[in-house]
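Reviewing the structure listed below.
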Amino acid sequence: MGTHEQFAVEEVGPSYWRVTFSNGEINLIDPDTIEQLAELVTRIEQAPELTAVVFRSANPDFFMAHWDMLADRSRVAAMRPAPSGLHPFADNLYRLGKVPAVTITELNGRARGAGSEFALATDIRFAGPGAVLGQFEVGVGSVPGGNPSGRLPHLVGRGRALEILLGADDFPADLAAAYGYVNRVLPDGELERFVDAFARRIAGFDKTAITRTKALVDAESLPAEESYGASLQAFFQTSGRPENAHRVRSLFERGLQRPDGVELDLGRHVAE
């Protein structure tokens with residue numbers, strides 16, 4: 001059986017692309033996502049005129065729910081390192097942060113765990129009023145693996161980064177914006193129009209000026225490459241330990257990875 005394409009790329013023009021993610025009922029991130037995202041990042045890196053890329057979701061309730069906790073762990077562990085030496089999952093997020101184009105997340109619905117980490121790897125995050133972000137991993141006994149520990153302190157400060165990462169709770173759009181987790185919240189029904197207009201504005205500017213300005217900001221604000229490897233290594237070492245199996249099992253019994261179960265209010269449920 002062939003792998004379905006999870007990323008639909010609309011080349012609006014040479015300088016502006018819109019990428020829509022779609023994977024199952026709640027947009028889980030899985031091993032196929034890792035492989036397809038690696039190819040997409042390479043396309044973005046190599047597009048000579050590309051200046052602005054918008055990432056969005058086909059599902060209004062879930063931007064990217066989180067990592068698929070039923071995914072084949074052995075397949076993930078066996079993935080060959082990228083040219084950087086990083087595991088492909090970590091390499092994707094590191095490279096996504098460094099692409100020459102400006103990356104913009106159009107965030108409707110829920111983005112937790114690896115979904116939050118994907119959004120954090122993009123340059124700019126605009127949210128709709130129903131957006132929810134969170135890093136719930138410690139609630140199931142794991143260290144977050146996509147380096148939110150390297151990204152969040154630069155965005156929200158140390159204390160709020162620890163609140164997000166250690167509290168493992170949900171952050172609704174307004175609070176996420178107040179903290180700096182997202183740039184701003186748009187009123188209901190206005191997110192797509194606003195993001196499209198913003199992306200077209202950037203795409204109309206000189207690419208060299210955009211790219212070099214972004215690179216200077218990156219040098220001051222992006223975490224080091226090594227921190228991505230350390231974060232994922234910590235995740236591999238802590239996830240799946242038998243002493244936390246009851247936490248994960250309880251969540252699945254209450255509808256984890258189903259659109260109508262605990263996913264709707266996961267921050268509350270991981271603490272029960």
Side-chain angles (χ1 to χ4, degrees), residues 5-22 27 33 36-60 63-64 91-109 111 115-131 133 151-152 154-156 173-174 176-223:
E5 291 294 326
Q6 298 181 5
F7 295 98
V9 180
E10 176 192 0
E11 297 189 19
V12 181
S15 63
Y16 171 28
W17 294 1
R18 296 205 319 170
V19 179
T20 304
F21 181 68
S22 177
N27 274 1
T33 317
Q36 292 183 29
L37 182 57
E39 295 170 3
L40 177 59
V41 172
T42 299
R43 278 183 67 186
I44 292 170
E45 288 171 339
Q46 295 177 352
E49 297 177 52
L50 184 58
T51 311
V53 182
V54 170
F55 288 99
R56 51 205 299 278
S57 165
N59 186 329
F63 175 75
M64 293 180 171
D91 184 72
N92 283 346
L93 297 178
Y94 175 70
R95 286 170 61 212
L96 182 58
K98 303 277 282 187
V99 294
V102 178
T103 54
I104 304 159
T105 294
E106 181 185 307
L107 187 67
N108 257 330
S116 164
E117 291 160 358
F118 179 94
L120 288 170
T122 63
D123 299 322
I124 299 168
R125 287 159 294 286
F126 295 121
L133 296 99
R151 198 75 181 88
L152 280 168
H154 294 283
L155 293 168
V156 305
D174 287 344
Y179 274 27
Y181 202 158
V182 298
N183 286 60
R184 67 168 100 173
V185 182
L186 279 303
D188 192 29
E190 294 185 22
L191 177 65
E192 183 176 354
R193 182 180 57 81
F194 175 88
V195 171
D196 183 62
F198 181 79
R200 288 176 187 274
R201 178 182 176 90
I202 289 179
F205 293 147
D206 175 76
K207 177 168 179 171
T208 299
I210 293 286
T211 297
R212 292 193 63 175
T213 302
K214 177 183 162 178
L216 289 167
V217 174
D218 288 351
E220 299 294 332
S221 60
L222 285 187

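The shown structure was predicted, so the numbers you read here are calculated from the model rather than taken from an experiment.
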Would you mind reporting whether Phe55 and Met64 have side-chain heavy atoms less than 4.5 Å apart?
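Side-chain contact under 4.5 Å: no.
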Could you check whether any side-chain heavy atom of Leu155 comes within less than 4.5 Å of a side-chain heavy atom of Tyr179, counting everything from C-beta outward?
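No. Closest side-chain heavy atoms not under 4.5 Å.
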Do [X] side-chain atoms and [Y] backbone N/O form a donor-acceptor pair below 3.5 Å?
X	Y	result
Thr105	Thr103	no
Asn183	Arg125	yes
Arg151	Pro223	no
Gln36	Gln6	yes

Could you check whether atom CG of Asp188 has more than 12 heavy atoms from other residues, nucleotides or ligands sitting under 6.0 Å from it?
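No, not enclosed.
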Taking every non-hydrogen atom, the tightest pair across [X] and [Y]:
X	Y	value
Arg200	Val12	NH2-CG1, 3.7 Å
Lys98	Lys214	C-NZ, 4.3 Å
Val185	Ala173	CG2-O, 3.4 Å
Pro187	Pro129	C-CD, 4.1 Å
Leu107	Leu191	O-CD2, 3.8 Å
Ser15	Ala203	OG-O, 3.2 Å

When rounded to the nearest 0.5 angstrom, what is the spacing between [atom1] in [X] and [atom2] in [Y]?
X	Y	atom1	atom2	result
Thr211	Asp218	OG1	CG	10.0 Å
Leu120	Leu133	CG	CG	7.5 Å
Arg18	Ile104	CZ	CD1	11.5 Å
Asn27	Asn59	CG	CG	5.0 Å
Ile202	Ile210	CD1	CD1	5.5 Å

Between Phe21 and Phe118, does the ring centre distance come in under 6.0 Å?
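Between Phe118 and Phe21, which both carry aromatic rings, the centre distance is not below 6.0 Å.
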Given Thr122, which partner from the list Val102, Leu96, Val53, Val54 fulfils the side-chain contact (heavy atoms from CB on, under 4.5 Å) test?
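Between Thr122 and the candidates, side-chain contact (heavy atoms from CB on, under 4.5 Å) is satisfied uniquely by Leu96.
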Could you walk me through whether Tyr94 and Leu222 pass the side chain to side chain contact (heavy atoms under 4.5 Å, CB included) check?
CA-CA 9 Å; Tyr94 175 70; Leu222 285 187; over 6 Å; no
With the threshold set at 4.0 Å, does a side-chain nitrogen-carboxylate oxygen contact exist between Glu10 and Arg56?
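Answer for the salt bridge query: no.
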Determine, step by step, whether Trp17 and Leu50 satisfy the side chain to side chain contact (heavy atoms under 4.5 Å, CB included) criterion, reporting the C-alpha distance in whole Å, the side-chain angles of both residues, the deciding distance to 0.1 Å, and the verdict.
CA-CA 8 Å; Trp17 294 1; Leu50 184 58; 3.5 Å; yes
Walk me through whether Phe126 and Glu106 qualify under side chain to side chain contact (heavy atoms under 4.5 Å, CB included).
CA-CA 5 Å; Phe126 295 121; Glu106 181 185 307; over 6 Å; no
Going through the checks in order, is the side chain to side chain contact (heavy atoms under 4.5 Å, CB included) test met by Thr42 and Arg95?
CA-CA 9 Å; Thr42 299; Arg95 286 170 61 212; 2.7 Å; yes
